[in-house]
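This is a predicted model, so every value here is computed, not measured.
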Amino acid sequence: MKKILLIVFGWSFLFGLLSASTKDTRVCFNYQNNRYPLQTKPYMELPLGSIKPSGWLQEQLVRMSKGLTGNLDKAYEQVMGPRNGWLGGDGDVWERGPYWIDGLLPLAYILNDKALIEKVKPWIEWTLASQKPDGYFGPDTDRSPERGLQRDNSHDWWPKMVMLKIMQQYYSATQDPRIINFFTKYFKYQLEKLPQYPLGKWTFWAEQRGGDNLMLVYWLYNITGDDFLLSLGELIHKQTFNWTDIFLNQDHLYRPNSLHCVNLAQGFKEPVIYYQQNKDPKQLEAVKTAVKKMRHTIGFPTGLWGGDELLQFGDPVRGSELCTAVEMMFSLEEMIKITGDVQWMDHLERIAYNALPTQMTDHCDARQYYQQINQVAITLGHRNFSSPHEDTDIIMGVLTGYPCCTSNLHQGWPKLTQNLWYASADNGVAALVYAPSEVTMKVGEGVDVNIHEDTNYPFEETVKFKVNFPGKKVKSATFPFHFRVPGWCDRPKVTVNGSEVETVSVAQGIMKVHRTWTDKDELSIELPMKVKVSYWYGGSAVVERGPLVYALKMNEQWTKKAFEKEAVPNYGDFYYEVTSDSPWNYSLMWNSLREENIGRDFVVVKKENIASYPWTLEEAPITIKTKARRIVRWQLYNGSAGPINFISQGGDMLGEEEPIELIPYGCTTLRVTEFPIR
């Protein structure tokens, strides 16, 4: 049997190797890496369309195409219809139209959906045609206010950043040469105009979200090598909110109301983006320091934070905005390519597989502006949010809360799909985030390979990769296969064609198998998942298993209601109310939470067959059974689970032990996730 070498490497060694690159020399020649003097990346994004979903992920994307994502021009015609300024109309000229296309475009090309591609093209063509001789593009006329539309600040730098993301993805999918000239002209325009009209000239949004702009400047530099782009990069970083200093030296993450929740998600990547140019390790240290601070201040077990628009401490009944989820996912996806750090891969899965599924309806016809960690009723009524939009923030609707999330939610699942696979800097393939999918790409000496990822992860512990060579002549190639061992996994089991491979130290959580792969080879990775308990706001207990957080299963009763237009205008035609007749006021028990008792008192039950769409109460693939006691005094307060001391020495006012069931957080709409302990 051929001996297989399994190598575990430290990134300090890898970056030392990569830094040896000189101008016009790259370690990876199959895909574009950073040009000198930018820091070489360990992983590179693949062309849009190279990665295809399968299994439950395919079903998720198809539901989006049939739901709001594929039909927002009808469901939200006022903004996304022909009046939109990004189509040349007299309507909305700001972020909402570009937001939609930023998710619709990757969805269309990943699914190769010709109808959706045709919906995207007018936005691309109008934007290209709008560019002026000096490089400016986009709407250029401010108009009088009109309810429900954003018709001013047409010159603001911020919505143009979103459109640049769209144009970059369009180039990735089509290689349309017009895009490079378009970017070059605009970035020359920025270099000339930013000293006079800085990022914060029109709104503070562009100033705080400048990392999106900087990211695309480096993207173009890697293609053209134009030196002026490095000067522009320094200028944009200088004018962007100083996130590095915020994370390392200031108290914003300890102070409620200090930042906007989505700005934090978008700004989070900026230090790492800029690290590519200045190569100062403090940029990487800053984001790690931020996560440590957030863990015990504003943090939630879903990987997000308390932010019902403004930052709040991590009370489980504070809100978390849907835009925060998809923007933090995008930030993490960009950071993974630059750092190769397993921490960000784990963090990405935590958001994607917990927070993201539950904030949209199963058929993607409505969404929730804020979600709560402990969410026991979804009704039209007052909650203790810092920005309550006529008390519509928590109900499921098309425009409830605020319409930004209706426009922006669409990038979450498609961009996750696009970041399941990467090209590695040593001409290999890397599977760093797990979901059922397949990839077609070049490896080794330019050989085409197709790899199918057969798994029901994150519900299932085994991930199988089946290697195929689609060409008629070449049926083997030598290349490294990188894969991740999550931080929560202690003892992975790795086999090739059924033979176990001896594992070496997993110091950095990245392994690779470097061998000559032949047609039909199969790499199998088993990632044992154990029930664990973590502790959050007020000492509350959270049950976890693998990448999933678990929450109380409640009877959910959904009612579709019409808005009374005169009483609550501008929030859509309908909304869903979700209530329950089952109890929720349970506490877990100290003795069960002892490490030596968890395996005995938390029993994992797996369904034999996993549904094509598993993110529902009825189809939840995993159930954890345990016992709990009700706290009689714990009742509703302003429509939410009321405050309570999570740890108490007293045992009064408790019910008898009774069985409860916990299911994956992403399968719930109503839930208790952070439990008191008695």
Ignoring hydrogens and geometry beyond distance, is a side-chain donor-acceptor pair present between Y43 and N33 at under 3.5 Å?
no
Under 3.5 Å, is there a donor on one side chain and an acceptor on the other for R96 and Q150?
yes
Atom pair SG/CD of C323 and Q411 - distance to nearest 0.5 Å
8.5 Å
Taking atom NZ of K188 as the centre, does the number of heavy atoms from other residues, nucleotides or ligands within less than 6.0 Å exceed 12?
no
Residues E334 and K41 bridged, charged N to O under 4.0 Å
no
Taking S130 for the side chain and T127 for the main chain, is one N or O donor matched with an acceptor at less than 3.5 Å?
yes
Just checking, is any N or O donor in the side chain of Y369 or E309 under 3.5 Å from an acceptor N or O on the other one?
yes
Exam field: side chain T302 to backbone I351, donor-acceptor pair closer than 3.5 Å
no
Using atom types as modelled and distance alone, determine if a side-chain donor or acceptor of W100 lies under 3.5 Å from a backbone N or O of T69.
yes
With a 4.0 Å cut-off on N to O distance, would you call R383 and D393 a salt bridge?
no
Once the angle between the rings of W158 and Y99 is folded into 0 to 90°, is it parallel (under 30°), tilted (30 to 60°) or perpendicular (over 60°)?
perpendicular
Between W558 and Y576, ring centroids under 6.0 Å
yes
Does H363, at its NE2 atom, have more than 12 non-hydrogen atoms belonging to other residues, nucleotides or ligands within less than 6.0 Å?
no
So do W305 and T324 actually touch side chain to side chain, heavy atoms under 4.5 Å?
yes
Donor-acceptor under 3.5 Å (K560 side chain, F574 main chain):
no
Any side-chain heavy atom of Q276 sitting closer than 4.5 Å to one from I273?
yes
Quick check with a 6.0 Å cut-off and a 45 degree axis cone: is K561 positioned over the face of Y575's six-membered ring?
no
Classify the side-chain pair Y665/Q371 by whether it contains a donor and acceptor separated by less than 3.5 Å.
yes
Taking the six-membered ring of Y136 as reference, does the cationic atom of K193 (NZ for Lys, CZ for Arg) lie under 6.0 Å from its centre and within 45° of its axis?
no
Would you check if the side chain of R151 reaches a backbone N or O of S144 as a donor-acceptor pair within less than 3.5 Å?
yes
Against Y221, only a single residue in L216, L38, L232 fulfils side chain to side chain contact (heavy atoms under 4.5 Å, CB included); can you say which?
L38
Any chance you could lay out the side-chain hydrogen bond (donor to acceptor under 3.5 Å, both in side chains) test for Q368 and Q375, step after step, and finish with the verdict?
CA-CA 12 Å; Q368 187 181 34; Q375 183 168 274; 3.0 Å; yes
Looking only at side chains, do R143 and S154 share a donor and an acceptor under 3.5 Å apart?
no
As an exercise, state the distance from CG of D212 to CD of Q168, rounded to the nearest 0.5 Å.
11.5 Å
Should we say atom CZ of F228 is surrounded by more than 12 heavy atoms from elsewhere, each under 6.0 Å from it?
yes
T244 side-chain N/O to P271 backbone N/O, donor-acceptor pair under 3.5 Å:
no
According to the interplanar angle, ranging from 0 to 90°, do the rings of Y402 and H389 count as parallel (below 30°), tilted (30 to 60°) or perpendicular (above 60°)?
tilted
Is a salt bridge present between D73 and K119, judged by a nitrogen-to-oxygen distance below 4.0 Å?
yes
Carboxylate-amine/guanidinium proximity below 4.0 Å for E327 and K415:
no
Any donor-acceptor pair under 3.5 Å linking the side chain of E556 with the backbone of T669?
yes
Passes side-chain hydrogen bond (donor to acceptor under 3.5 Å, both in side chains), E390 versus N570? Steps please.
CA-CA 10 Å; E390 297 185 69; N570 303 314; over 6 Å; no
Hey, is D176 close enough to R178 for a salt bridge, meaning N to O under 4.0 Å?
yes
Nearest-0.5 Å distance, OG of residue S386 to CG of residue L311
9.0 Å
Within the side chain of Q131, is there an N or O that forms a donor-acceptor pair under 3.5 Å with the backbone of G135?
yes
Can a salt bridge be assigned to the pair K160 and E95 using a cut-off of 4.0 Å between side-chain N and carboxylate O?
no
Heavy-atom donor-acceptor pair, T339 side chain to M335 backbone, under 3.5 Å
yes
Going by the side-chain hydrogen bond (donor to acceptor under 3.5 Å, both in side chains) test, which pairs reach into residues 47-62, not counting sequence neighbours?
E59-R63
Just by distance, no angles: are the side chains of W205 and N263 close enough, under 3.5 Å, to form a donor-acceptor pair?
no
Apply ring-ring contact (aromatic ring centres under 6.0 Å, His included) to the pair F247 and F268, showing each step before the final yes or no.
CA-CA 9 Å; F247 295 157; F268 195 84; 5.6 Å; yes
May I ask you to say whether E118 pairs ionically with K121, meaning some side-chain N is under 4.0 Å from a carboxylate O?
yes
Please check if the side chain of N84 supplies one atom and the backbone of V79 the other of a donor-acceptor pair under 3.5 Å.
yes
Kindly state whether the ring of Y274 and the ring of W243 have centres lying under 6.0 angstrom apart.
no
Kindly assign one of parallel, tilted or perpendicular to the pair Y189 and Y186, based on the angle between their ring planes and the thresholds 30° and 60°.
parallel
Minimum side-chain heavy-atom gap E207-T240 below 4.5 Å:
no
